[in-house]
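Notes to accompany the following structure.
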2 protein chains.
Amino acid sequence: MAFGHQKVESRRLLLREISQRGPVPRIDLAEHTGISRATVTSVTADLLRGGLIEEVPRESRADESARGRPRVDLKIAGAAHLIAGLKVSNDAMSLVLLDFDGVDVAHHECDIPTGRLPPDILAQHIQSGLTDLAQKAGRTLRDISAVGVGLAGVVDAQHGLVYWSPSLNARNVPFGDVLQDHLGIAVYLDNDANLVAMAEMTFGLGKAHSDFIVITIESGVGMGMVLGGQLYRGTRGCGAEFGHTKVHLDGALCRCGQRGCLEAYIADYALVREASSVGGMSLTTPTSQAVATVLTAAKSGDPTARKVVDRASKMFAMGLANLVNIFDPELVILAGEQMQFDHLYADTVIEEMRKSIVEIDKPAPDVVVHKWDNLMWARGAAAYALEFVQDTAVEALEDA
Amino acid sequence: MAFGHQKVESRRLLLREISQRGPVPRIDLAEHTGISRATVTSVTADLLRGGLIEEVPRESRADESARGRPRVDLKIAGAAHLIAGLKVSNDAMSLVLLDFDGVDVAHHECDIPTGRLPPDILAQHIQSGLTDLAQKAGRTLRDISAVGVGLAGVVDAQHGLVYWSPSLNARNVPFGDVLQDHLGIAVYLDNDANLVAMAEMTFGLGKAHSDFIVITIESGVGMGMVLGGQLYRGTRGCGAEFGHTKVHLDGALCRCGQRGCLEAYIADYALVREASSVGGMSLTTPTSQAVATVLTAAKSGDPTARKVVDRASKMFAMGLANLVNIFDPELVILAGEQMQFDHLYADTVIEEMRKSIVEIDKPAPDVVVHKWDNLMWARGAAAYALEFVQDTAVEALEDA
DNA sequence: CGACTTAAATTCGAAAAGCAAATTAAATTG
DNA sequence: CAATTTAATTTGCTTTTCGAATTTAAGTCG
């Protein structure tokens with residue numbers, strides 16, 4: 001597109017390549033990018049000079065001839081920058097600090113007041129969380145180059161605008177700007193559902209794939225899409241509302257106010273509601289405990305609980321099949337932290353789903369379950385910010 | 001990406017720009033692409049010399065000062081190439097011949113034997129159709145630079161491989177190669193559902209949008225997606241099976257053998273089946289007539305017919321809402337040739353759909369109905385081939 | 001152990017591509 | 001018809017990249 005910045009462009013390209021392929025020798029960079037060896041040498045020299053990458057000795061491999069001048073691996077210089085990622089949930093915040101190479105440096109969790117908060121109050125909590133996080137790594141807030149923030153709700157990532165979030169007491173808040181002014185650090189805001197996809201793409205199972213879908217189930221149902229190697233966000237910043245996909249005409253009531261949403265069948269509150277109201281089970285108040293009760297009962301053969309859980313499984317399989325029919329991805333990742341929903345991740349669901357997709361003489365997409373800890377959300381947020389820091393760093397490189 | 005071809009790259013970029021923006025003066029090209037005026041002059045000189053574009057006098061406009069040296073518009077030179085597009089249906093073939101500027105030069109329709117044909121027989125029919133088409137324009141088959149072919153079924157466009165098609169009596173046919181060998185012309189194969197999206201993107205309502213969805217209803221339900229300005233095809237060449245999206249658990253039987261597919265509620269055969277079996281209407285044999293009967297009855301208030309049609313509408317609205325919830329597109333185009341399905345394109349359906357999407361403080365996507373003639377499929381096929389011809393032509397340009 | 005082989009990385013001169021500034025071209029205006 | 005305005009082109013220069021030759025850092029062999 002814009003010419004006149006060619007050098008920046010090739011620097012960016014090579015930095016990306018190094019970042020994605022981990023330690024890689026120059027000759028492979030030339031091979032993969034189509035840039036000549038001479039140019040690779042000169043551009044990587046710039047990146048080395050700027051401290052963005054570093055040389056590491058390459059351990060010998062069986063499949064490589066040991067003769068000739070040995071290859072020298074290049075990798076991202078971890079020490080170049082610090083990037084924080086954080087996810088705000090209902091009553092807590094989890095934070096992670098990564099180095100420029102994506103390696104965990106520190107992590108931190110802290111409680112925040114439950115419910116909707118005024119934007120500047122939330123910003124203050126985030127600031128204190130980040131300060132603590134930095135301290136754990138023996139650094140200060142000022143050492144952090146950028147912060148990625150994941151928020152539930154409807155978020156326009158491009159403009160840092162929060163249309164609506166369960167964490168904020170106002171609508172249409174330019175929370176990205178608010179936070180940036182507050183912290184004095186570059187802030188990149190995103191919907192938390194996208195973070196999962198981001199984390200899988202950068203660190204997880206999606207690394208090797210260019211088209212995949214990530215589904216998460218916790219109290220709601222989240223989804224992220226990577227299409228053509230890029231996170232797809234939709235045009236209004238509210239794409240991928242998989243949980244509010246309709247699976248039944250005039251069906252069960254969803255907390256979003258509509259009927260027949262997938263979430264209204266498979267989310268925790270839905271299971272509990274159904275088991276108690278229709279099935280007549282008497283359940284304790286906190287939803288998380290009640291869910292456990294229902295699931296345990298189902299496993300031990302209680303017919304009422306079984307019915308509820310079975311239907312949830314079938315609905316989930318149907319929703320999944322619809323996604324696969326529409327996208328035809330290479331891979332579907334079911335990602336979750338608590339395995340209280342493992343019944344939805346079971347082989348029977350996957351089997352059911354496979355039966356509902358259009359058959360052709362090519363294998364159906366892989367469906368894999370990826371259990372992870374709750375820091376993965378924060379890592380996704382950091383990965384999102386990391387991309388921007390990479391670009392900024394490349395642009396800031398001075399010429400020799 | 002690949003350097004060492006920079007000149008080709010800027011030629012390609014400018015040719016694309018001219019092709020998309022219609023007649024456009026050099027100064028605007030410089031403005032829009034970020035390429036300097038000097039370079040635009042030199043690159044367009046190459047394109048002119050190669051006969052790919054031409055200068056046309058610019059008519060004066062009210063909003064432009066008439067002073068100074070007048071702008072000279074550049075446009076694609078129509079005469080540079082001929083591109084054919086064709087769509088194979090059950091018992092017929094429609095063909096269109098476009099010039100390099102996308103303008104219709106000739107069109108043609110012909111019958112082919114009904115049902116599944118051996119690949120080489122179908123290739124022969126295509127050859128004869130193309131020969132007739134060329135003749136209508138006073139040209140010969142050899143004058144055609146490339147042919148785009150749309151086939152129903154599951155098609156891997158990239159490899160020209162047909163996994164399965166109702167038009168072929170074999171599976172996994174490399175029909176692209178078969179046809180190319182037969183004709184001696186470059187052949188680009190694609191699924192017919194994608195052609196609709198291609199046509200809308202190149203000639204139709206999608207011109208101004210980068211993310212939209214096109215839905216077609218005839219005997220089946222088709223869908224094409226344009227995401228980020230590009231046709232999205234999925235990874236196995238069978239994405240966008242919107243018609244086999246499930247809208248009801250264990251629902252109506254679809255001709256694909258599964259249950260609860262959207263198609264099983266809204267396609268022509270589904271309406272007729274339901275009206276006759278459940279509703280007790282007695283209907284004549286050809287589906288197309290029977291559909292008309294049902295729809296007419298519904299309009300004149302027949303309660304049975306009404307029920308059938310109403311449910312179809314609701315199911316369609318639900319399927320549409322699911323798409324919007326997942327993709328969050330700018331625009332949804334309902335494209336159709338026969339308006340026998342206009343009840344599904346009615347305002348009530350659109351209204352119903354709007355109620356089922358997640359609400360945020362931004363307007364819902366536009367939903368528009370685009371009626372078109374059956375040549376539009378063939379035009380989409382030609383548009384697909386046209387892109388390749390453009391690229392090939394640019395690469396073939398010799399240096400001064 | 002030193003000459004030879006192999007393969008990666010670097011250097012160097014040349015070529016390509018693009019740009020800014022200056023110039024030319026083609027129109028209107030007064 | 002001279003002045004003005006704006007588009008397009010030309011010119012000379014800079015930046016960027018590449019190919020080929022060279023250097024470097026190993027292993028191998030006699």
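Below, chain A is the first sequence line, B the second, and so on; all start at residue 1. Everything numeric here is computed off the predicted structure, so don't read it as measured data. Only heavy atoms go into these numbers, but all of them, side chains included; no hydrogens, no water, no symmetry mates.
- OP1 or OP2 of D:dG19 has not a single side-chain nitrogen or oxygen of A:Ser36 nearer than 4.0 Å.
- Rounded to whole Å, atom P of D:dT9 lies 11 Å from atom CG of B:Leu29.
- In this structure, the CG atom of B:Leu13 is 14 Å from the C1' atom of C:dA17, given to the nearest Å.
- OP1 or OP2 of D:dT17 lies within a sub-4.0 Å distance of a side-chain N or O belonging to A:Ser10.
- Residues B:Ser36 and B:Thr39 have side chains that bring a donor and an acceptor to within less than 3.5 angstrom of each other.
- Rounded to 10°, the helix from C:dC1-D:dG30 to C:dG30-D:dC1 has 10° between the axis fitted to its first five pairs and the one fitted to its last five.
- Nearest to the side-chain atoms of A:Arg26 among the listed nucleotides C:dA9, C:dA17, C:dG18 stands C:dA9.
- Not one side-chain nitrogen or oxygen of A:Thr39 sits closer than 4.0 Å to the OP1 or OP2 atom of D:dT17.
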* To do: Determine, step by step, whether A:Arg26 and A:Glu55 satisfy the salt bridge (charged side-chain N to carboxylate O under 4.0 Å, His left out) criterion, reporting the C-alpha distance in whole Å, the side-chain angles of both residues, the deciding distance to 0.1 Å, and the verdict.
  => CA-CA 10 Å; A:Arg26 290 175 177 73; A:Glu55 293 189 333; 2.7 Å; yes
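- Residue A:Leu74 contributes atom CG, which lies 14 Å from atom C1' of C:dT10 at whole-angstrom precision.
- A salt bridge does not link B:Arg11 with B:Glu395: none of the charged nitrogens is closer than 4.0 Å to a carboxylate oxygen.
- A salt bridge is defined here as a Lys NZ or Arg NE, NH1 or NH2 lying under 4.0 Å from an Asp or Glu carboxylate O, and B:Arg233 with A:Asp328 fails to meet this definition.
- A:Glu200 and A:His370 form a side-chain donor-acceptor contact under 3.5 Å, judged by distance and modelled atom types alone.
- You'll find the ring centres of A:Phe327 and B:Phe327 inside the 6.0 Å limit.
- B:Val72 comes within contact range of the sugar-phosphate backbone alone, with a heavy-atom separation under 4.0 Å but no base atom that close.
- Salt bridge annotation for B:Arg71-B:Asp28: present, with a cationic side-chain nitrogen under 4.0 angstrom from a carboxylate oxygen.
- Atom CG of B:Leu48 and atom C1' of D:dT9 are 13 Å apart (whole Å).
- Per the geometry, CD belonging to A:Glu31 stands 15 Å off C1' belonging to C:dA9, to the nearest Å.
- For the pair A:Glu55 CD and C:dT10 P, the computed distance is 7 Å after rounding to whole Å.
- Spacing between atom CG of A:Asp28 and atom P of C:dA9 amounts to 8 Å, rounded to whole angstrom units.
- Checked against side chain to side chain contact (heavy atoms under 4.5 Å, CB included), A:Asp181 has no partners two or more places apart in sequence or in another chain.
- Using cut-offs of 30° and 60° for the angle between ring planes, the A:Tyr188 and A:Phe388 rings count as parallel.
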* What string of B, S and - do you get for nucleotides 21-30 of chain C, 5' to 3', if B is base contact, S is sugar-phosphate-only contact and - is no contact with any protein heavy atom under 4.0 Å? -> ----BBBBS-
